[in-house]
Amino acid sequence: MTIAENITSITAAIAKACRDCNRDPATLRLVAVSKTQSPEALAEALACGQRVFGENRVQEGREHWRALKKGYPDLRLHLIGPLQTNKVRDALELFDVIETIDRDSLARELAKELAKEPRATEFYIQVNTGEEEQKSGVSPKDLPALLALCRDLGLNVTGLMCIPPQKDPPALHFALLKKLGDRHGLENLSMGMSGDFGKAIAAGATSVRIGTALFGARA
Ligand SMILES: *Cc1c(COP(=O)(O)O)cnc(C)c1O
């Protein structure tokens with residue numbers, strides 16, 4: 001399957017999942033996860049009209065997109081991996097949406113950099129819905145305090161993101177993220193990957209992050 005064929009079939013699957021729960025497919029954003037992909041693969045996705053991409057490392061994101069951004073002013077880049085405070089400036093320079101705020105120190109550093117150089121960056125908070133020790137994300141019980149801090153700092157937090165534990169049915173975690181989003185007035189929910197995006201859409205996802213189903217298995 002080519003990337004073009006994959007995009008066509010994923011778009012159709014997204015549309016079907018939306019219809020099945022009476023949602024308008026236009027309300028759903030496909031974030032093409034381009035980590036580890038070759039320049040040729042990125043070019044092919046761009047040629048298909050795909051403009052929203054997700055990267056999980058700042059450095060790799062820069063290598064992939066810094067030059068291309070000039071030629072594609074409508075590109076929207078999402079950071080979907082953990083962000084170290086010493087990479088904040090580079091991240092703000094490249095990404096339109098940073099989905100992985102997960103701690104106070106990171107929120108403060110982002111606000112500090114934005115005070116020096118204002119930008120229209122959108123932020124999501126990553127929630128560790130499974131409370132897994134090794135996974136980043138704020139635990140659900142600590143979300144209200146982190147969100148309050150972000151709002152105090154003036155960060156434009158518009159959504160939540162989660163990565164469910166491998167061992168659990170993902171729908172439980174998607175439902176929890178939806179509940180937290182509703183409770184806190186956050187309209188964007190980034191949840192669902194290649195294997196479970198239909199379930200995420202049914203649960204209220206507004207964006208799905210898809211790598212393997214679009215580009216093929218990663219090396
Ligand atoms: C790699 C990655 C994805 C994409 O996963 P696939 O199963 O390849 O679709 C989604 N979200 C995050 C945070 C990732 O790191």
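Atoms within a ligand are numbered from 1 in the order they appear, just like the ligands themselves. Atom set for the values below is all heavy atoms of this structure, side chains included, hydrogens, waters and symmetry mates excluded. Along the sequence shown, residues are numbered consecutively beginning with 1. Computed from a prediction, not measured in an experiment: that's the story for all the values here.
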Trainee: Could you walk me through whether Ser190 and Glu99 pass the side-chain hydrogen bond (donor to acceptor under 3.5 Å, both in side chains) test, one step at a time?
Mentor: CA-CA 8 Å; Ser190 170; Glu99 300 197 5; 2.6 Å; yes
Trainee: Before you tell me yes or no, could you show the steps for Ser9 and Asn6 under side-chain hydrogen bond (donor to acceptor under 3.5 Å, both in side chains), namely the whole-Å CA-CA distance, both residues' side-chain angles and the distance that decides it to 0.1 Å?
Mentor: CA-CA 5 Å; Ser9 68; Asn6 289 340; 4.8 Å; no
Trainee: Report, in ascending order of atom number, the atoms of ligand 1 lying under 4.0 Å from any heavy atom of Ile163.
Mentor: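 Every atom of ligand 1 under 4.0 Å from some heavy atom of Ile163: 13 (C).
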Trainee: From atom 2 (C) of ligand 1, work out which of Glu55, Arg57, Arg209, Lys35 has a heavy atom at the shortest distance.
Mentor: Lys35
Trainee: Apply side-chain hydrogen bond (donor to acceptor under 3.5 Å, both in side chains) to residues Arg29 and Thr206 and explain how you reach the verdict.
Mentor: CA-CA 6 Å; Arg29 186 184 287 172; Thr206 60; over 6 Å; no
Trainee: In terms of residue, atom name and distance, what is the protein heavy atom nearest to atom 6 (P) of ligand 1?
Mentor: Ser194 OG, 3.5 Å
Trainee: Output yes when the distance from some N or O of ligand 1 to some N or O of Gly211 is under 3.5 Å, and no in every other case.
Mentor: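 Such a contact does occur with ligand 1.
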Trainee: Could you check which of Thr100, Ile80, Asp196, Ile210 puts a non-hydrogen atom nearest to atom 12 (C) of ligand 1?
Mentor: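 Closest candidate by heavy-atom distance is Ile80.
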Trainee: Just by distance, no angles: are the side chains of Thr158 and Asn188 close enough, under 3.5 Å, to form a donor-acceptor pair?
Mentor: yes
Trainee: For ligand 1, is any non-hydrogen atom under 4.0 Å from Leu214's backbone (N, CA, C, O), its side chain (CB onward), both, or neither?
Mentor: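 Within the 4.0 Å criterion, Leu214 makes no contact with ligand 1.
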Trainee: Stepwise, does the side-chain hydrogen bond (donor to acceptor under 3.5 Å, both in side chains) test hold for His78 with Asp96?
Mentor: CA-CA 6 Å; His78 289 228; Asp96 301 285; over 6 Å; no
Trainee: Looking at Gly81, is its backbone amide N or carbonyl O close enough to the side chain of Thr100 to form a donor-acceptor pair, meaning the two atoms are under 3.5 Å apart?
Mentor: yes
Trainee: For ligand 1, indicate whether the residue Asn56 contacts it via side chain, backbone, both or neither (heavy-atom separation under 4.0 Å).
Mentor: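 Under 4.0 Å from ligand 1, Asn56 contributes side-chain atoms alone.
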Trainee: In the protein, which heavy atom is nearest to atom 8 (O) of ligand 1, and how far is it?
Mentor: Thr212 OG1, 2.5 Å
Trainee: For Glu99, is the nearest heavy atom under 4.0 Å from an atom of ligand 1?
Mentor: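 No, that is not the case, since the closest heavy atom of the residue is not under 4.0 Å from the ligand.
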Trainee: Give the residue, atom name and distance (to 0.1 Å) of the protein heavy atom nearest atom 10 (C) of ligand 1.
Mentor: Met193 SD, 3.2 Å
Trainee: Check whether Asn128 reaches the backbone of Glu131 with its side chain - one donor and one acceptor, N or O, closer than 3.5 Å.
Mentor: yes
